[in-house]
2 protein chains.
Amino acid sequence: LGDRTREDDLIARHFGPIARHPGAHDLLDDAAVITPDPGFDLVVSKDALVSGIHFFTSDPPWSIAAKALRVNLSDLAAKAAEPVGFLLAIALPQDWSEEWVADFARGLGADAARYRTPLLGGDTVKTPGPLTLSVTVIGRVPHGTAPRRTGARDGDLIYASGTIGDAALGLRLRLDRDLERKARDGAVDIAFLLDRYLHPQPRLEAIEALRACATATMDISDGLVGDLAKLLHASGVGATVEAARIPLSPSARALVGLQPALLETALTGGDDYEILCTVPPAKADAFESGLAEAGLAVARIGAVAADEPGLVLTGPDGARLTFAHGSYSHF
Amino acid sequence: LGDRTREDDLIARHFGPIARHPGAHDLLDDAAVITPDPGFDLVVSKDALVSGIHFFTSDPPWSIAAKALRVNLSDLAAKAAEPVGFLLAIALPQDWSEEWVADFARGLGADAARYRTPLLGGDTVKTPGPLTLSVTVIGRVPHGTAPRRTGARDGDLIYASGTIGDAALGLRLRLDRDLERKARDGAVDIAFLLDRYLHPQPRLEAIEALRACATATMDISDGLVGDLAKLLHASGVGATVEAARIPLSPSARALVGLQPALLETALTGGDDYEILCTVPPAKADAFESGLAEAGLAVARIGAVAADEPGLVLTGPDGARLTFAHGSYSHF
């Protein structure tokens, strides 16, 4: 009697080779088994992505795979955790093709290798709706060292890694032909912004410095302004941030120069997957040099003040900036 | 500036109360932190469920929640693992209502308490497609004791827990009005079969006996015949099973009596979430008495034979039974 279904074959052929963790049992078992190393805590996070909402249906399959894994790895980075492995649930739409799955799996495999994050298990189903993905990532930190969102204290310095707003501007360029034409005429590096939307860079190189120095951390997924407000709220503190100190890439700066209202998009738009954290002044030098050694740019954007809760953002003239939407939510 | 989105509010209101694990940080953080107990392995499994495929869109929200969690807990039971916690990704359809989410969360909370499986984290998104769920469950077993699918050896006895085919027959009754009428006229306990489809019972009470006695285990999700063939294939062995020894409930027996072709549905139909395992003869008594003490019925349905790989199923006359579909796959 038949002992293999089409699903089994699909999994074995395309996802089996990515399942290099011995506990994944080549994806042939009901579940994966992990033996945690003594002295470590495990960190788990799970994100869902829906085609047409979190990515474009026409995006390259390998880019979709990379995004699904990387947005989860970004959560690990924010908890100063190194990857252990991941699980993938994929709901394939009616018009799925073996070629698409093969390309997707190739991209996933490349990222699994790049981030040393083997596939541990998961599920493949079909859906009458759009392609839907869910990744669960498992990481580890030395026991008790995972920073939380709640530890920001009066006087702590606020840092953001990389550059802010590139992905949100890249998305805007994809949706707005006029803007795209304007940007092209203005010699803006469009490809850079598009790539920043398509391929998040989880800042795993920051984990040592975060573990050693940060009092509160999160990754920026829903826009710097909204996410910083969340961090301050969770910690019960406030801060004033000058917009001019928020790090923008040359491409983002050029595009905002062409259309100044896009500053709001950059600061509230989401999909940055940069690290946002607070560091006590006494550890600032160690933090900055640690990240410099790791090759990750970081900008000091403000300081925590306990006297007034909430976030105040100020413009070049010192006046308060207010935006229609504090943060972007796909929801 | 605003620091909470509608998604945050929804999560806090309905899912926050289920997140009783201290490492869940009330769902306010990027990720959950678990401190594994020394000497234990962790077992992780992930299943996806799509409305209209894995359950009916009209099913009660609390039943959908129960199913999503329990099919994953069934994977833990098959690995002899006790639950530690779970993560949930939920993609809500366009017509979602707060009332539906509240009912869903209530059902999920009841099951989280019942199975001592706190919610650790997850993600809530919207989809233009059908409601889609993914649960990742984390369990634990004493180091090195998780049985696998590959350990069945010559002479091992083959066991199935509970009764087989109820859920598949319950599903058939929902899809086939004529059959439902016939069953009602024949005084079949339809409610029992429908409930077996709607509410899987993860056999976590089996884990001690499985850990102590089983050489190979899996849970029956795609039909006994196909799943046993998979187990035998993974272990590189064969078996002959008399169909008459496969445990059927009185309701299933009555329905198959009315329409004998439904035996194939019962044995290949899926959604049983019973335990299938092999046990060496020397441990059979201990296994059977262990399960009796745990209050779980178990039937010895055959024995492993190493000489001929694959599964042979025989009818009452000793002749080989063959079915059109060895196993059911939602895929």
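Residue numbers start from 1 in every chain, and the chains themselves are labelled A, B, ... in the order their sequence lines are given, proteins ahead of strands.
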* **B/Thr150 side, atom OG1; A/His25 side, atom NE2 - distance, nearest 0.5 Å** =>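 Here the interatomic distance stands at 7.5 Å.
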
* Asked: Once you round to the nearest 0.5 Å, how far does CG of A/Asp41 lie from CD1 of B/Ile34?
  ->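 So the gap between those two atoms works out to 9.0 Å.
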
* Quick one: which of A/Ala78, A/Gly23, A/Ala146, A/Ala89 has the most heavy-atom pairs under 4.5 Å with chain B, could you say? =>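 Going by pairs under 4.5 Å, I would pick A/Ala89.
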
* Asked: Between A/Ala32, A/Pro38, A/Ser45, which has the largest tally of heavy atom pairs under 4.5 Å with chain B?
  ->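 When all of A/Ala32, A/Pro38, A/Ser45 are compared, A/Ala32 has the most.
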
* Asked: Can you tell which of B/Val44, B/Val43, B/Asp75 has the highest number of heavy-atom pairs within less than 4.5 Å of chain A?
  -> B/Val44

* To do: Go through B/Leu49, B/Ile90, B/Leu87 and name the one with the most non-hydrogen pairs under 4.5 angstrom from chain A.
  =>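 With the most close heavy-atom pairs to chain A, the winner is B/Leu87.
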
* Where B/Asp123 and A/Lys46 come nearest, the two heavy atoms and their spacing ->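 Closest approach of B/Asp123 to A/Lys46, heavy atoms only: CB-O, 3.5 Å.
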
* Proximity of residues 129-139 of chain B to chain A, residues having a non-hydrogen atom under 4.5 angstrom -> B/Gly129, B/Pro130, B/Thr132, B/Ser134, B/Val135, B/Thr136, B/Ile138

Can you tell which part of [X] gets under 4.5 Å to a heavy atom of chain A, answering side chain, backbone, both or neither?
X        : answer
B/Thr217 : backbone
B/Ala234 : neither
B/His143 : side chain

* Qualifying salt bridge (charged side-chain N to carboxylate O under 4.0 Å, His left out) pairs with a residue from residues 133-145 of chain B, counting only residues at least two apart or across chains -> B/Asp37-B/Arg140, B/Glu82-B/Arg140

Side chain to side chain, [X] and [Y], heavy atoms closer than 4.5 Å:
X       : Y        : result
A/Leu42 : B/Val33  : no
A/Lys79 : B/Asp29  : yes
A/Val50 : B/Pro128 : yes

* Quick check: are there more than 12 heavy atoms from other residues, nucleotides or ligands sitting under 6.0 Å from CD of B/Glu308? -> no

